[in-house]
There are 2 protein chains.
Amino acid sequence: MNPSLIPADRDAATDALFKALSDGTRRALLEALVRDGEQNVQALTEGAGVSQPMVSRHMAKLKRAGLVTARRSGRETWYAARVKGLGPVIQWMAVHGALWSQRFTALEGLEG
Amino acid sequence: MNPSLIPADRDAATDALFKALSDGTRRALLEALVRDGEQNVQALTEGAGVSQPMVSRHMAKLKRAGLVTARRSGRETWYAARVKGLGPVIQWMAVHGALWSQRFTALEGLEG
DNA sequence: TTAACGCATAACCATATGGTTATGATTTGG
DNA sequence: CCAAATCATAACCATATGGTTATGCGTTAA
């Protein structure tokens, strides 16, 4: 058993995932892919509100986190949302969220 | 007004939440509260692997994000996980991932 | 072959972040 | 009353991060 009181959730994948999702621009880019399907950098840049290089860098981070896939076709790169990418987040929510609600269900009415 | 393809998910609360969850030490602190209930800074520091001031700062950030509550009692501060704090995250997951818009218990297809 | 295109990377900047030790404010105990 | 305890804040440092413009590299098209 781990003698420490805190389980040290330093799982690299989980960390990368939450970090990737912690920026609004990246979330918006991911949402665009979820909503409208596979898109190239040009299309993503049009609505992103940031420069093309920044979009590329954000997409690279999302890819490293496992949230998107990249497909190179000629001079274009097509990105798509990767459904399974959110797995660790779901997992985390399931484990701790469930424990959470279980422990505090009785108090639910008390907080604002 | 902006007819952009990307809906610009810059909601401040959502942003603060994901940012708060994007650090492993903070997640571990939060998990400790979920697991063992309300604790003061001293107890949290014991297993955190970082200094007491750092714990205080992490807790402040979790509090700003709405993930914990703080209760001052004499010279001690007691922190507790806040039930509804994960709401915006759950909301985001529900909206942007139809697959996991249901209960978290439906994880079978996502793992692996 | 050459010019334009699409994208990634480099170089650079400002700020945020995570960490430390030192200090300060307030409460408790002897 | 004074010292210890509890926590937050300050001061400081190194690194990460988000943003820009400039550049380079492969691909398409004229």
Side-chain angles (χ1 to χ4, degrees), chain A residues 4-6 8-12 14-33 38-65 67-80, chain B residues 4-6 8-12 14-33 38-65 67-80:
Chain A
S4 111
L5 291 173
I6 296 183
D9 177 12
R10 313 296 170 101
D11 179 58
T14 306
D15 220 82
L17 248 179
F18 275 111
K19 273 196 168 59
L21 292 171
S22 75
D23 178 75
T25 301
R26 268 192 305 267
R27 282 201 308 280
L29 287 165
L30 186 56
E31 291 167 22
L33 293 180
E38 194 181 45
Q39 291 175 61
N40 64 12
V41 174
Q42 204 178 25
L44 288 170
T45 300
E46 282 180 19
V50 294
S51 61
Q52 172 266 308
M54 203 59 224
V55 170
S56 284
R57 267 174 50 184
H58 280 313
M59 298 316 292
K61 197 157 195 172
L62 287 171
K63 188 182 168 198
R64 277 196 302 272
L67 285 168
V68 303
T69 59
R71 176 175 66 85
R72 195 79 191 249
S73 171
R75 56 186 169 185
E76 305 179 16
T77 302
W78 293 84
Y79 287 98
Chain B
S4 81
L5 292 173
I6 296 184
D9 176 11
R10 313 296 169 103
D11 178 58
T14 306
D15 220 82
L17 247 179
F18 275 112
K19 272 194 168 58
L21 291 171
S22 75
D23 178 75
T25 300
R26 268 192 307 267
R27 282 202 308 280
L29 287 165
L30 186 57
E31 291 167 22
L33 292 181
E38 194 181 46
Q39 292 175 61
N40 62 14
V41 174
Q42 202 179 25
L44 288 170
T45 301
E46 282 180 18
V50 294
S51 62
Q52 172 265 308
M54 203 58 224
V55 170
S56 284
R57 269 174 49 184
H58 279 314
M59 297 316 292
K61 196 156 196 172
L62 287 171
K63 188 183 167 197
R64 277 195 302 271
L67 285 168
V68 303
T69 60
R71 175 175 67 85
R72 196 79 191 249
S73 171
R75 58 185 168 186
E76 304 178 13
T77 302
W78 294 83
Y79 287 98

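Side chains included, hydrogens not; waters and symmetry mates left out as well; all remaining heavy atoms used. Each chain gets a letter, A, B and so on, in the order the sequences are listed, and its residues count up from 1.
- Residues that satisfy the side-chain contact (heavy atoms from CB on, under 4.5 Å) test with A:S22, not counting sequence neighbours, are A:R26, B:F18, B:K19, B:S22.
- The listed nucleotides are C:dA8, C:dT20, C:dC7; the one nearest the side chain of A:Y79 is C:dA8.
- As a whole-Å value, the separation of B:W78 CH2 from C:dT27 C1' is 15 Å.
- Distances shorter than 4.0 Å separate none of the side-chain N or O atoms of B:S22 from OP1 or OP2 on C:dT17.
- Atom CG in A:D15 sits about 15 Å away from atom P in C:dT17, given to the nearest Å.
- If you measure from atom CZ of B:R71 to atom P of D:dT6, you get 16 Å, rounded to the nearest angstrom.
- Summarising the geometry, the separation between NZ on B:K61 and P on C:dA16 is reported as 10 Å, rounded to the nearest angstrom.
- By the side-chain contact (heavy atoms from CB on, under 4.5 Å) test, A:Q42 is found to be paired with A:N40, residues two or more places apart in sequence or in another chain being considered.
- Using modelled atom types, one side-chain atom of B:Q39 and one backbone atom of B:A32 make a donor-acceptor pair closer than 3.5 Å.
- Look at A:N40 and you won't find any side-chain N or O under 4.0 angstrom from OP1 or OP2 of C:dG6.
- At whole-Å resolution of the value, CE in B:M59 and C1' in D:dT9 are 17 Å apart.
- Applying the side-chain hydrogen bond (donor to acceptor under 3.5 Å, both in side chains) rule to B:R64 yields no partners; only residues at least two apart in sequence or on another chain are considered.
- Checking the phosphate oxygens (OP1, OP2) of C:dT17, no side-chain nitrogen or oxygen of B:T25 falls inside 4.0 Å.
- Nearest nucleotide to the B:D23 side chain, out of D:dT6, C:dG18, C:dG6: C:dG18.
- In this structure, B:E76 atom CD and C:dT26 atom C1' are separated by 13 Å, rounded to whole Å.
- For the pair B:Q42 CD and C:dT27 C1', the interatomic distance rounds to 14 Å; values are reported in whole Å.
- Nearer to the 5' terminus of DNA chain C, by closest-nucleotide assignment, is the contact made by A:T77 (compared with the other of A:T77 and A:K19).
- In summary, B:D23 and B:K61 do not engage in a salt bridge, as defined by a charged side-chain N under 4.0 Å from a carboxylate O.
- Formation of a donor-acceptor pair under 3.5 Å by the A:R71 side chain with backbone atoms of A:W78 is not found in this model.
- Rounded to an integer number of Å, the gap from B:L29 CG to D:dC7 P is 13 Å.
- Under the salt bridge (Lys or Arg N to Asp or Glu O under 4.0 Å) criterion, B:E76 pairs with no residue at all, not counting sequence neighbours.
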Find every protein N or O atom lying less than 3.5 Å from an N or O atom of nucleotides 21-30 of chain D, and list the pairs.
{"from": "D:dT27", "atom 1": "O2", "to": "A:R75", "atom 2": "NH1", "distance (Å)": "3.3"}

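- The phosphate of C:dT17 has neither OP1 nor OP2 within less than 4.0 Å of any side-chain N or O from B:R57.
- Side-chain nitrogen and oxygen atoms of B:H58 include none within less than 4.0 Å of the OP1 or OP2 phosphate oxygen of C:dT17.
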